[in-house]
Amino acid sequence: MTSRQRALPLLLLLLTLCGQGSLLCPAGCHCAWDSGTVSCTNAGLQEIPASIPRDTVTLHLDGNQISTVRDGAFKNLPRLRELDLSRNRIESLSPGAFRHLSPELKLLDLSDNQLQLASKEDLGPTRAKTRLHHNPWHCSCALQELIETVNLEPETVSGIVCESSAQGPQHAGQPLVKLLDEGVNFCSLQRKTTDVAMLVTMLGWFSMVIAYVVYYVRQNQAEARRHLEYLKSLPSPLKEASVEADTLSTGL
């Protein structure tokens with residue numbers, strides 16, 4: 001075997017390693033291939049990288065300037081177990097942002113961001129331990145349903161504090177779980193509003209039906225009056241014939 005032939009496998013190995021390091025690992029991140037860990041902590045990222053390795057198990061995106069989580073951002077990561085998005089500037093979640101998360105995901109960290117609104121649909125069907133504390137939340141029915149649905153990490157629940165409230169400023173600065181324990185129900189107002197809207201709609205339809213019935217009756221009354229006036233205007237023999245015809249019809 002010549003020296004060139006002996007060097008060829010080594011060259012291929014070097015090219016493979018270089019390819020993994022430069023092409024698969026996102027710029028500014030560190031990838032540990034043996035553990036499946038991708039660390040992009042404090043990397044100055046403004047959006048979630050598109051070139052995250054498919055075999056990633058643990059993904060650290062904390063400490064960046066990411067402001068939104070786009071639809072399907074993690075759909076090609078079937079082995080993902082931990083996702084850390086804490087200490088960013090995330091203000092909104094696309095409806096399908098977490099729809100494709102691996103069912104094996106164990107931890108989802110969205111703490112220390114700028115989230116004000118979120119719903120149970122935004123987080124999809126994940127059952128991972130979830131951190132939502134230290135966000136400027138607007139407490140509403142959607143947020144109440146969210147925290148009743150997701151698997152919150154117990155020690156972080158009290159950190160979900162109302163920056164504002166759908167029921168007025170009196171709840172500002174208070175933990176959402178404390179308000180719920182005290183009997184505050186952010187969904188009751190929404191349900192009452194929905195009930196009122198349904199009632200108004202039903203009354204509207206009922207009014208339309210009544211108006212139609214009244215119009216129909218009046219039209220028939222007008223037709224009957226015109227018919228009677230017509231009969232009165234007929235000559236006497238015709239009137240008698242009409243009366244006889246009515247009598248025969250009645251007898252039959």
For V177 and I160, what are the C-alpha separation, side-chain angles and deciding distance, and is it a side-chain contact (heavy atoms from CB on, under 4.5 Å)? CA-CA 8 Å; V177 67; I160 302 175; over 6 Å; no
Expected output: side-chain N88 to main-chain I66 donor-acceptor under 3.5 Å: yes
Is the backbone N or O of A128 less than 3.5 Å from a side-chain atom of T130, with the two atoms forming a donor-acceptor pair by type? yes
Spatial distance of atom CD (Q144) from atom CG (L146) [nearest 0.5 Å]: 11.0 Å
side-chain contact (heavy atoms from CB on, under 4.5 Å) with Q116: which of P136, C139, S92? P136
Could you measure the distance from the CG atom of L59 to the CZ atom of F74? Nearest 0.5 Å is fine. 6.5 Å
Could you tabulate the donor-acceptor pairs under 3.5 Å formed by side-chain atoms of residues 37-50, not counting sequence neighbours?
from : atom 1 : to  : atom 2 : distance (Å)
T37  : OG1    : S35 : OG     : 3.1
T41  : OG1    : D62 : OD1    : 2.9

From H60 atom NE2 to C29 atom SG, the distance as rounded to the nearest 0.5 Å: 11.5 Å
Heavy atoms of L132 and W137 approach each other most closely as O-NE1, 2.9 Å
Hphob cluster co-occupancy, V161 + I90, side-chain heavy atoms under 4.5 angstrom: no
Out of C162, S158, S165, S140, which one pairs with L176 under the side-chain contact (heavy atoms from CB on, under 4.5 Å) rule? C162
Would you name the heavy atoms of K129 and E153 that are closest together and state the gap between them? CD-CA, 4.1 Å
Where do L93 and L123 land on the side-chain contact (heavy atoms from CB on, under 4.5 Å) test, with the steps shown first? CA-CA 8 Å; L93 305 172; L123 293 189; 4.1 Å; yes
Examine distances only and state if a side-chain atom of N151 and a backbone atom of R127 form a donor-acceptor pair shorter than 3.5 Å. yes
So if you build clusters from Ile, Leu, Val, Met, Phe, Trp, Tyr with side-chain heavy-atom gaps below 4.5 Å, do L83 and V57 land together? no
Heavy-atom pair with the smallest gap, counting every atom of K178 and Q174: NZ-OE1, 3.3 Å
Step by step, work out the side chain to side chain donor-acceptor pair (under 3.5 Å) result for E163 and N135. CA-CA 8 Å; E163 182 85 2; N135 280 281; over 6 Å; no
Side-chain (N113) to main-chain (S111) donor-acceptor, under 3.5 angstrom: yes
Nearest heavy-atom contact between E82 and L80 is O-CD1, 3.5 Å
Hey, could you give me the OG/CD distance between S188 and Q167, rounded to the nearest 0.5 Å? 5.5 Å
Given the rule in the salt bridge (charged side-chain N to carboxylate O under 4.0 Å, His left out) test, do R87 and D112 qualify, once you have shown the distances and angles that lead to the verdict? CA-CA 5 Å; R87 299 187 299 113; D112 292 280; over 6 Å; no
Using the ring-ring contact (aromatic ring centres under 6.0 Å, His included) criterion, which residues pair with H171? Sequence neighbours excluded. F186
Does any N or O in the side chain of R81 come within less than 3.5 Å of the main-chain N or O of R79, such that one atom is a donor and the other an acceptor? yes
Could you give the side-chain donor-acceptor pairs of residues 94-107 under 3.5 Å, partners two or more places apart or in another chain?
from : atom 1 : to   : atom 2 : distance (Å)
S94  : OG     : V69  : O      : 3.0
S102 : OG     : P78  : O      : 3.2
S102 : OG     : E104 : N      : 3.0

same_hphob_cluster(L117, V150) at 4.5 Å side-chain heavy-atom cutoff: no
